[in-house]
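Just so it is clear: chains get the letters A, B, ... in the order the sequence lines come, proteins before strands, and each one is counted from 1. Since the model is a prediction, treat every value here as computed from it, not as a measurement.
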Amino acid sequence: MNAFLAPLAGGALIGASAALLLLANGRIAGISGIVGGLLGPASRDWAWRVAFLVGLFAGPALFRATTGHWPQIRIDASWPMLVGAGLLVGFGTRLGSGCTSGHGVCGLARLSPRSLVAVATFMAAAIITVFLVRHGLVR
Amino acid sequence: MNTPRLLAAFASGLLFGAGLALSGMMDPARVLGFLDVAGAWDPSLAFVLAGAVGVSALGYAVKARMPRPALADQFEIPANRSVDARLLGGAVLFGIGWGLAGFCPGPALAGLTLGLPEVALFVAAMFAGMLLFRFTAPRSTGPITVSR
């Protein structure tokens, strides 16, 4: 598929996912929020969160069944780097109340000022981090 | 919690995971290529956000005409609209982590399906970070309230 068509179509599916969860269940499709709610104190609404995550795990398998191959991925980060990055992503998304999906896909769609600022901030932080690692003095 | 609601949540997760797989967002090397604006920049993943926000916005347009969700009593949308230090600090930490490994939460969780130890390690550390937040941060996060 075209280099831009697959991202656009994949994005549209993600948007449809967010619209479905909103219109059916009244919920934001924010991954860090859905997972974080399971780690909270005595979550009373854990069942739908687990159901969503089971679907999320099954999604790439549906892609495999449809296309005949798994999504190709390449991970360059070292194991210590993966641990550090994971800690930052986990802590940061809870502190900032959202990630690429909650603030990005859902927040931008409903023009939330908090989400606009959050997306601009984490995009800038990520771009600067990649710049320092690849072109800066870090390496 | 009733069964239709669980099925809707499952279907939503399935669409999300299939969309991630199709879009290329699950590949950290591609995500880092998108973030590397000073190098061999790969802008294609901007189309993921464009497609996702576009369709999601249609959902919000439909929501505006609905008194309540089809399967639940009320919409639970964050009503907090103020920017604070917590939001900014969290976004900076998340952005640094995203830029270091190329994983954000959705693609990492969906990537568990591929059975790679690197993905499992990242997800374990991400859960540890979320638990660390839970046990260190003050209780109140932004109030989740009903918004019309």
| message | For A:Pro7 versus B:Arg30, what's the shortest heavy-atom pair and its separation? | response | CG-NH2, 3.6 Å
| request: Drop me the distance from A:Ser97's OG to B:Asp84's CG, to the nearest 0.5 angstrom. | output: 7.5 Å
| What residue, out of A:Gly96, A:Gly104, A:Gly86, has the most heavy-atom pairs lying under 4.5 Å from chain B? | A:Gly86
| said: Tell me which one of B:Asp27, B:Thr113, B:Leu114 satisfies side-chain contact (heavy atoms from CB on, under 4.5 Å) with A:Pro71. | reply: B:Leu114
| Got a second to check how far B:Ser44's OG is from A:Leu8's CG, nearest 0.5 Å? | 11.0 Å
| field | Trace of the side chain to side chain contact (heavy atoms under 4.5 Å, CB included) decision for B:Arg5 with A:Trp48 | value | CA-CA 7 Å; B:Arg5 234 184 290 180; A:Trp48 75 269; 5.9 Å; no
| message | Has A:Arg114 got a side-chain atom pairing as donor or acceptor with B:Ser82's backbone, closer than 3.5 angstrom? | response | yes
| field | Which atom of B:Val83 lies closest to which atom of A:Pro113, heavy atoms considered | value | CG2-O, 4.3 Å
| message | Quick check: is B:Val55 connected to B:Leu49 through a chain of hydrophobic side chains (ILVMFWY, heavy atoms under 4.5 Å apart)? | response | no
| Just how far is it from atom CG of B:Leu93 to atom OG1 of A:Thr121, taken to the nearest 0.5 Å? | 11.5 Å
| A:Val133 vs B:Leu32 side-chain heavy atoms within contact, under 4.5 Å | no
| message | Counting C-beta onward and ignoring hydrogens, is there a side-chain heavy-atom pair between B:Phe16 and A:Leu21 closer than 4.5 Å? | response | no
| note | On a heavy-atom basis, the closest approach of B:Ala110 and A:Leu56 is CB-O, 4.0 Å
| query | Looking at CG of B:Leu35 and OG1 of A:Thr129, how far apart are the two atoms once the value is rounded to the nearest 0.5 Å? | reply | 9.0 Å
| message | Can you tell me which of B:Ala46, B:Ala38, B:Ala128 forms the most heavy-atom pairs within a distance under 4.5 Å of chain A? | response | B:Ala38
| request: Could you grab the distance from atom OG of A:Ser115 to atom CG of B:Asn80, nearest 0.5 Å is fine? | output: 10.0 Å
| request: For residues B:Trp98 and A:Cys99, determine if any side-chain heavy atom of one lies less than 4.5 Å from a side-chain heavy atom of the other. | output: no
| field | Top of A:Arg64, A:His103, A:Arg74, A:Met123 for chain B proximity - count of heavy-atom pairs under 4.5 angstrom | value | A:Arg74
| remark: Note: A:Leu111 and B:Arg81 closest approach over all heavy atoms is O-NH2, 3.6 Å
| task | Measure from the side-chain N and O atoms of B:Ser56 to the backbone N and O of A:Ala19, and report whether any donor-acceptor pair falls under 3.5 Å. | result | no
| query | Can you name the nearest heavy-atom pair linking B:Ala91 to A:Ala118, along with the distance? | reply | CB-O, 3.8 Å
| message | Quick check for you: to the nearest 0.5 Å, what is the distance between A:Leu23 atom CG and B:Phe75 atom CZ? | response | 6.0 Å
| Heavy-atom donor-acceptor pair, A:Ser17 side chain to B:Gly13 backbone, under 3.5 Å | no
| B:Phe127 and A:Val35: side chain to side chain contact (heavy atoms under 4.5 Å, CB included), yes or no, with the steps? | CA-CA 9 Å; B:Phe127 280 163; A:Val35 173; 3.2 Å; yes
| message | Looking at every heavy atom in both B:Leu22 and A:Ala9, which two are closest together, and how far apart are they? | response | CD2-CB, 3.8 Å
| Hey, is the main chain of A:Leu39 close enough, under 3.5 Å, to the side chain of B:Arg134 for a donor-acceptor pair? | yes
